[in-house]
Structures are given as structure tokens and as C-alpha cells.
Amino acid sequence: MGITGADRGPATLREDAVTALRAGFTGQLVRPGDDGYERARRVWNGDVDRRPALVARCADVADVRRAIGFAVEQELVLSVRGGGHSAPGYGTNDGGLVLDLSSFTELTVDPAARTVRAGGGVRWRELDAATQAAGLATTGGTVSNTGVAGLTLGGGVGWLMGRYGLAVDNLLSAEVVTADGELHVVDRDREPDLFWALRGGCGNFGVVTTLQFRLYPVGPVLGGMVVHPLDRAAEVLRFYRDLCPTLPDEAEAYCALLTDPQAGVPVLALLLGYNGPLEEGEEVLRPAREFGSPLADLVGPTPYVARQSMLDEPNAVEGLHRYWRSAFTETLDDDLLDVVVDMAAGFTSPLSAVLFFYVHGAATRVPVGDTAFAARRTQWDVDVIGQWTEVSESARHVEWLRASWARAEAHLQGSAYVNHIAADDAPEKVRASFGPNLDRLRRIKGRYDPANLFRLNPNITPVAPQPRPPAD
Ligand SMILES: Cc1cc2nc3c(=O)[nH]c(=O)nc-3n(C[C@H](O)[C@H](O)[C@H](O)COP(=O)(O)OP(=O)(O)OC[C@H]3O[C@@H](n4cnc5c(N)ncnc54)[C@H](O)[C@@H]3O)c2cc1C
């Protein structure tokens, strides 16, 4: 996992090879020393400080094929960058090639068919704005500038998942360029194995240039947070644990320990949503709003796009320094809840947070083998996110997070949401996170990416396809 010395590219590129690439390339090639290189090498996580030899900002599928061919010929480590939000920084590297899809911005909404086609570089805020213009939406990320492609390829948890499933459950088709440079148009009928693998296998199988999703009518929604003081957090967390299993598919309840930006003190926030009639939502969410003595109740009718960006501050801010650990759990035991309250009391940065995402409803009813996304259980995705502004303070905040995580991990499962796997998570945790689908994923990887070109991701090691037994 992660970017090791073996994943570094050569110190210099062959000039004749770059000249040949440039001759046929429609997009932009950015190299060290060029204007814009500093911006082009950077990703969302400012703690990732790497210097690729070349950033290929592809303009079309032909450019994607050329960039892949160049990486193969020149034996360059390859990063595929959609929205750039991989916390371990898979969207950049040292000495290799970054295939940047930020120019893949197609968004075509078909209101009658209730579908949207999105380019491989589109971010959720753009997709949500386009689909909401037609009163429609699909399950997407909870921070508005994450990439549609990267988030979907790992599964895609979000505010609509209880009612409409994960992002992968609404993916109808995809266009993907594989390691041999071939473009494949895949869906349930066309190359179903590859389509299956894309729905939870992360970026292991190729460069996705277009995704098509199913949409649903989604009007203004009930949403917002209920804020409690930290000294009541232990009891509110116990209430939250017992509340979640009672929720209908339409309701979402996440929970965060974070620092109140105005008061500057740690607080607990219940993050609530309802995807149905507003008055029905008022009833369903009432117990969560009436429990205890909140400092503030900010729940109310909200435009869908506003709820989609409710967690943007500070999580959407590009360039902050970050370190993130995560795991699933089907139970929240008292000791874990006490540990997270302690963590919040000892936050070393006011930007850090502990988050609980409750995964339930339609997202959990899809059979494990139907898509590559294996974690089809009713459970919490628990995330401890360290965020800070100064690189000189990185060691202190990372140390806090590692020590906090060591206390929490004993109470969590040995698997995680694949999109939240850290670069320093153990290989057995990566394997456990792909679960029973790992063997099939490895065989499909062996067919489409036998040399493991696409390896800067939660990596699936390829196994060679077995030769067919001779016919009788
Ligand atoms: C602030 C924040 C909030 C988040 N919230 C959520 C959330 O609500 N729900 C959720 O499910 N996840 C969430 N995530 C996790 C997120 O899904 C992953 O970080 C995801 O990988 C981000 O995708 P990206 O395209 O922005 O990242 P990038 O860094 O560009 O890519 C990450 C990975 O995806 C692959 N990839 C990206 N685009 C393509 C493409 N077009 N073709 C092939 N491979 C591609 C890359 O190979 C790379 O391995 C969040 C992450 C952050 C940082």
C-alpha cells in the first residue's frame, strides 16, 4: 500500500519521447519548471508533497490512450486523478506520470429517462447542480468537491444511500480505457465482469472517462445538525447508537465530534437528513431533535445542494494538511464511545474531527456478490480525520491521530470502506475490505491489468487467468 520507493519514476524523462507525445497530444502537458506546475502537482491533501515528472491534462479519450501508452513505454508510475481527494494522495507521485482528468467535464442530464452522463473529472457539486436543475439527484458524496469517478469506483456513500443505495448501485454504464489503451463501453450486458469490478474495485481497472447514473426526483430535503456540548456527548452518543437501527430508509443520521468554529470548543453534532416529504421527516427526526438539551438545532427544509455541501467547511478546503484513519463497525460499544469523547477533548487541531456514517437501508440489501462493493452490512463507518494548517506541526497532529486510533481500533472491525483506506493500513485490512469479492477482483484484474499499471489505489494484485482445460 502507499507510495514506496519502488513506485518512484525515473529522475528524468527522455526528451525525444516527450516530444513525440506532445506532437499528438490535444490537452496540456505540464513539467517541472513550467508555469502552473506547482498547482498541477498538488492534491487536496496538502501533506502530500510529491513531484511528478509529467502531468498530462487529457482533453479527450485519444489523449488518455496516449498518456497510458507513454506511462507503459517509459515504465512510469501512473496516478489517475479525478477530483484529487484521495487522502493518501494517489492522485500524484514522485517522478512519474499524473493522468489528470479535470478537463473531462461533460454533464448531460436526460430528465425524461432520469439519467446523467458525467465525465471522469466531474465533481459532485457540478453533478448535483446539473441534476437539481431538473429536480433530480443520485447518491453522491457528502463533501461537494470530491470527484464523482473516484468516489463511485470505491462504492460511494452519501445522504441518499438508505433510500436509493450507494453510488455504484445507480451506475448504469461506464466508458473505461484499460492498460492496453483499449476503450470499453461496459454495463450489465456488455463486458459484465469489468462493469462488476468497477462498482467497488476502486481505480484498479482503468481510466474511467464517462459514467452514467440513474436519477431520482429529489426536492428540498430536511437536513441540518443538532449540536450538543461535549460534556453531554457520552449520553448523546449512546442515544445515537440506539436511534440508528430504528430509522426508516428515508432517514440518515451521521454524527461528528468537532470544534465549534465560533466558540472554539469541541462539541458533538448529530447530522440529520430525511429524503421524503418534509412533514414526514419532521416526525421521524423529532426524537433526535428533542433528546437532551442541545446548544443549537439547525435542522430545517434545505435545498438538496445545500445539504450536499453542509460538511464542506473545512473539509473541502484544498491544501490543508491531513491524516485519516477509518474502519467499519456493526456495534458501538460503550468503551468506544468514551474513547471518542476523550479524543475530542484532546483535539490537537480545531479542524480535526471524528465521524460516524451510518450505512443502512437500500445500501445494505444488495447481495454481496452483485457488485464488487462487499461491505453490504448495516454498520457505521468510523473516521478519525486529522486536519491542520502548518506543515511544521504535522508530526504533532499525526502522533495524536495515531495514538487516538490505536485506542479506537480495538473496538472496530478489521475492515474499512475501501475509499477510506489509509496508505499505512495493513495489507490484511485491505484484503478484508474487499471481502469475499477479492478473488474474483484479482482474476478480473489479471485479465485487464496483468502488469498492475493501475496500482496507486487500494491495490488489488492481479492473478493470471487460468488456461482453459483442453476440450474432450
Ligand atoms: C473531504 C472528503 C470527503 C469525502 N466524503 C466521502 C463521502 O461522503 N462518501 C464517499 O463515499 N467517500 C467520501 N470520500 C472518499 C472519496 O470517495 C475518495 O477519497 C475518492 O477516492 C475521491 O475521489 P477523487 O476522484 O476526488 O480522488 P482522486 O485522488 O482523484 O482519485 C482517487 C482514486 O480514484 C481513482 N480515480 C479517480 N478518478 C478516476 C477515473 N476517472 N478513472 C479511474 N480511476 C479514477 C484514482 O486511481 C485514485 O486511486 C471523501 C474524501 C474526502 C477527502
Side-chain angles (χ1 to χ4, degrees), residues 124 128 132 135-144 155-170 214-228 233 235-258 268-292 294 296-311 328-332 337 354-366 375-383 417:
W124 281 105
D128 288 339
Q132 275 290 280
L136 301 168
T138 196
T139 306
T142 52
V143 171
S144 71
V157 304
W159 284 109
L160 295 175
M161 68 182 152
R163 184 155 185 199
Y164 299 124
L166 303 174
V168 283
D169 301 327
N170 296 299
R214 184 184 299 118
L215 299 171
Y216 305 91
V218 177
V221 287
L222 201 60
M225 54 179 87
V226 181
V227 185
H228 291 267
E235 67 192 270
V236 182
L237 278 166
R238 284 161 174 78
F239 164 79
Y240 168 73
R241 168 186 63 196
D242 299 337
L243 168 84
C244 286
T246 70
L247 295 173
D249 289 0
E250 290 80 1
E252 299 297 346
Y254 310 153
C255 182
L257 291 125
L258 72 176
L268 179 140
L270 297 176
L271 310 169
L272 304 172
Y274 192 81
N275 307 300
L278 293 173
E279 55 290 355
E280 207 176 272
E282 294 282 356
E283 280 308 305
V284 172
L285 298 182
R286 188 189 307 279
R289 300 172 67 187
E290 289 184 345
F291 182 81
D297 176 354
L298 307 173
V299 177
T302 314
Y304 176 75
V305 291
R307 193 181 63 189
Q308 284 294 91
S309 55
M310 186 171 98
L311 303 181
F328 280 130
T329 180
E330 287 168 65
T331 53
L332 297 178
L337 300 181
V354 181
L355 278 149
F356 295 84
F357 290 97
Y358 185 59
V359 184
H360 75 129
T364 64
R365 288 195 291 267
V366 176
R376 299 292 187 172
R377 301 172 296 263
T378 300
Q379 59 191 340
W380 287 270
D381 164 28
V382 181
D383 298 84
Y417 171 33

Decide whether Asn275 and Glu250 meet the rule of one side-chain donor and one side-chain acceptor closer than 3.5 Å. no

Closest heavy-atom pair and its distance - Thr139, Ala167: O-CB, 3.6 Å

A side-chain contact here means heavy atoms from C-beta on lying under 4.5 Å apart; do Tyr240 and Leu268 qualify? no

With side chain to side chain donor-acceptor pair (under 3.5 Å) as the test, pick out the partner of Tyr274 among Glu252, Glu280, Arg163. Glu280

Asp249 meets the side-chain hydrogen bond (donor to acceptor under 3.5 Å, both in side chains) criterion, sequence neighbours left out, with Arg365

Between CG on residue Leu355 and CG on residue Asp381, distance to nearest 0.5 Å: 8.5 Å

On the 0 to 90° scale, with breaks at 30° and 60°, tag the Phe291-Phe239 ring pair as parallel, tilted or perpendicular. parallel

Can the ring centroids of Tyr304 and Trp159 be said to lie less than 6.0 angstrom from one another? no

Asp169 meets the side-chain hydrogen bond (donor to acceptor under 3.5 Å, both in side chains) criterion, sequence neighbours left out, with Arg376

Restricting to non-hydrogen atoms, name the atom on Thr302 and the atom on Gly223 that form the minimum distance, rounded to 0.1 Å. OG1-O, 3.4 Å

Salt-bridge test for Arg286 and Glu283: reply yes if a basic N is under 4.0 Å from a carboxylate O, no otherwise. yes

Check: Trp380 ring centre within less than 6.0 Å of Tyr358 ring centre: yes

